[in-house]
Each structure stands twice: as C-alpha cells, then as structure tokens.
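Within every chain, numbering begins at 1; the chains are lettered A, B, ... in the order of the sequence lines, protein sequences first and strands thereafter.
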There are 2 protein chains.
Amino acid sequence: MHKDHKEIGLLRDHLAKHQLKLTRQREQILNVFLRMEHITAEQMYRMLAKKDPHIGLATIYRTLNLFCEAGLAQARHFGTQTQYDNISHKGHHDHLICTDCGKIVEFENCDIERLQEEVARRNGFTIKTHKLELYGVCTNCRH
Amino acid sequence: MHKDHKEIGLLRDHLAKHQLKLTRQREQILNVFLRMEHITAEQMYRMLAKKDPHIGLATIYRTLNLFCEAGLAQARHFGTQTQYDNISHKGHHDHLICTDCGKIVEFENCDIERLQEEVARRNGFTIKTHKLELYGVCTNCRH
DNA sequence: TCACTATTGAGATGGTGAATCAATTTCATT
DNA sequence: AATGAAATTGATTCACCATCTCAATAGTGA
C-alpha cells in the first residue's frame with residue numbers, strides 16, 4: 001500500500017461511475033500531476049515529452065479537465081494560461097500583492113479561513129479550496 | 001462638481017505621473033466604463049461602435065489595461081474572456097462558486113475584511129482592493 | 001505655434017485550449 | 001485467451017482572445 005496512491009482510487013471510482021477507461025496515458029499524467037502542487041498543460045506536456053510513446057497535447061488537456069471533474073484538480077486562470085491545482089496539496093497560501101512594484105507576500109490566516117467556512121455553511125456550500133488576494137501598496141512603494 | 005467624476009481625477013493623476021496623455025478615446029472609454037459594474041473589451045467595443053471616429057479594439061484593450069494600472073479597474077479572467085471590474089462599483093462582493101454547476105453566490109463579510117486589513121498592516125501594506133473566491137459544492141450538487 | 005513624444009488603428013501575430021476523425025486501445029463478456 | 005462494442009488517442013485544424021507592429025495622428029509643455 002503506497003502512501004501517495006490514494007488519488008488513483010478516486011480516479012478509478014470516477015472512471016467506473018462514468019463508463020470511462022483507465023489508460024496508460026491517464027496513469028502517466030496522474031503520476032506527474034500528483035507530484036506537483038500545480039501545473040499547466042504545457043508544462044505537463046514538456047515533462048512527458050521524453051516518454052517512449054509520445055503523449056499528445058490534446059490528451060493532456062482532456063485528462064487535466066478529467067481530473068477536475070473527478071475532483072482531483074481545480075482549474076485556475078492565471079494570466080493567459082490555466083493552472084491545474086492539485087487539491088491534495090492544498091497548503092493554500094494566500095497572497096498580498098503590491099500593485100506598484102509587483103512584490104508578492106504569502107500569508108495564511110486561520111481566523112479568515114474559519115470565517116470562510118462559516119460563510120460557506122450559511123450558503124449551503126462545502127468548500128474545497130479558495131483564493132484570496134489582497135491588492136495594495138507595500139512599505140517601499142508608499143515613499 | 002459632478003458626483004460621478006471623481007475617477008477622472010484619479011486617471012489624470014496617473015497619466016501625469018507617468019507622462020501619459022489624456023486622449024479623446026481614453027475619455028470616452030472611461031465614460032462608458034464608469035457606468036458599468038464590469039465589462040469585457042468586446043462589449044466595450046460594441047458599445048462604442050457607433051461613435052463618429054471609430055475606436056479600435058486594440059485601443060480598448062490598451063485603455064482597459066491602463067485603467068488597471070491606474071487602480072480604477074481590476075482584471076478578472078472569467079471563462080475564456082477577461083472581465084474588467086469597476087473598482088468604485090464594488091461594494092466588494094466576494095464570491096462563492098460551485099465547481100459542479102458553476103453557480104455563483106455573492107457575499108460580503110465585514111469580519112473577514114477586518115482581518116484582511118490586519119494581515120496587510122502586519123506586512124506593511126495598504127490595501128486598495130481584494131479578491132476572495134471560495135470554491136466548493138452547493139446544496140443541489142451534493143445530492 | 002512648434003517640436004517632441006505618446007497614442008491610435010488596421011492588420012498581422014501569438015498562444016491557449018477545444019474540435020475533428022481515423023486508427024488504436026480498453027475491458028466486459030464470452 | 002479471444003471478441004467486439006465503445007472509449008481514447010493524437011496529429012491536425014480551428015476558434016478565439018489579446019497583444020504586437022508601425023506609419024499616421026494627436027496631445028502637451030515650452
């Protein structure tokens with residue numbers, strides 16, 4: 001029993017439930033995906049480029065979207081590209097972003113998280129992940 | 001003194017500070033922008049299409065990005081397009097998003113806002129805006 | 001007004017992600 | 001193991017959004 005192969009079970013469940021099939025490509029893409037916190041289709045493509053039978057870019061996209069449907073991944077539009085976040089890795093760091101110099105500070109705040117859960121519960125939601133970005137001006141840029 | 005022309009001052013400040021110019025196009029685009037809560041470049045283009053001297057799509061994109069730099073707007077990738085949110089209109093509604101059906105619920109929570117200010121202060125930041133999105137599953141989709 | 005510089009607009013370009021479809025692979029059933 | 005229906009793959013094409021290019025134009029400080 002491997003410690004990091006809980007997710008393949010989740011994937012198998014989803015595949016079985018939707019009459020989909022477990023292919024070599026899906027396994028290979030999952031193996032790479034599980035080791036990353038987040039990845040783009042392009043990055044994944046490059047990482048798998050040296051595999052013996054090539055994996056096409058279209059398959060990468062399809063499979064990452066499949067992971068989203070199976071609840072393993074979550075798509076996030078970042079700049080022009082789509083980041084596929086690994087849900088199991090969610091040591092979610094939130095961000096403070098300086099709109100002047102672009103400096104980014106990561107933070108984590110349990111109180112905020114608790115309040116988020118509360119808001120979600122009041123609205124009947126079960127939170128899987130979140131994104132919190134604070135935009136402002138840092139000390140240096142305030143002159 | 002017009003009540004809705006505070007933003008043109010902000011824009012002028014930004015332009016002056018960066019040696020940029022106030023053009024007819026920028027004024028027209030601002031006028032439309034100020035009346036919308038959020039808008040895409042494509043929408044803006046269509047709304048200005050009947051103006052006497054045409055405004056090119058490239059200019060729309062450039063100007064909306066300028067507004068972001070000036071702190072009047074905030075870009076948000078939604079689906080395949082980019083939404084430009086009018087910051088002055090946002091009685092900052094944050095979002096609860098169902099990853100299954102796409103349902104979006106807006107909410108506001110003063111306690112969270114207060115904690116955000118605190119985090120920012122501890123890091124030497126002065127917050128201008130923020131973006132908070134909670135992703136999860138809504139009641140209907142949980143079966 | 002002048003001169004300098006930023007801006008504009010039409011079109012070309014780039015880049016992401018999805019659609020197509022013939023060939024291939026999976027897997028439940030023999 | 002073999003079969004065959006159904007899903008998957010991958011090379012390519014396609015659609016779309018946003019940015020870049022560059023000659024012509026317009027704003028601004030003197």
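Listed pair A:Thr59 / D:dT8 fails the phosphate criterion, with no side-chain N or O lying under 4.0 Å from OP1 or OP2. The phosphate of D:dG27 (OP1 or OP2) has no side-chain N or O of B:Gln19 nearer than 4.0 angstrom. The side chain of A:Thr80 places no N or O atom within less than 4.0 Å of a non-bridging phosphate oxygen (OP1 or OP2) of D:dC17. The shortest distance between the side-chain N/O atoms of A:Asn65 and the OP1/OP2 oxygens of C:dA18 is below 4.0 Å. Residue B:Tyr61 places at least one side-chain N or O closer than 4.0 Å to OP1 or OP2 of D:dA18. Contact annotation: B:Arg26 side-chain N/O to C:dT7 OP1/OP2 distance is under 4.0 Å. The side chain of A:Thr23 places an N or O atom within less than 4.0 Å of a non-bridging phosphate oxygen (OP1 or OP2) of D:dT9. OP1 or OP2 of D:dG10 has at least one side-chain nitrogen or oxygen of A:Gln25 nearer than 4.0 Å.
Residue-to-nucleotide contacts include a donor-acceptor pair under 3.5 Å from the side chain of B:Arg62 to the base of C:dG9. Judged by atom type and distance alone, B:Lys21 does not reach the base of D:dA26 through any side-chain donor-acceptor pair under 3.5 Å.
The OG1 atom of B:Thr40 sits 13.0 Å away from atom OH of B:Tyr45, with the distance rounded to the nearest 0.5 Å.
If you take CD of B:Glu42 and C1' of D:dA18, they are 11 Å apart, rounded to a whole angstrom.
Taking the six-membered ring where the residue is Trp, the centroids of B:Phe33 and B:Tyr84 are separated by 6.0 Å or more.
Checked by atom type, the side-chain pair B:Thr129/B:Gln74 shows a donor-acceptor distance below 3.5 Å.
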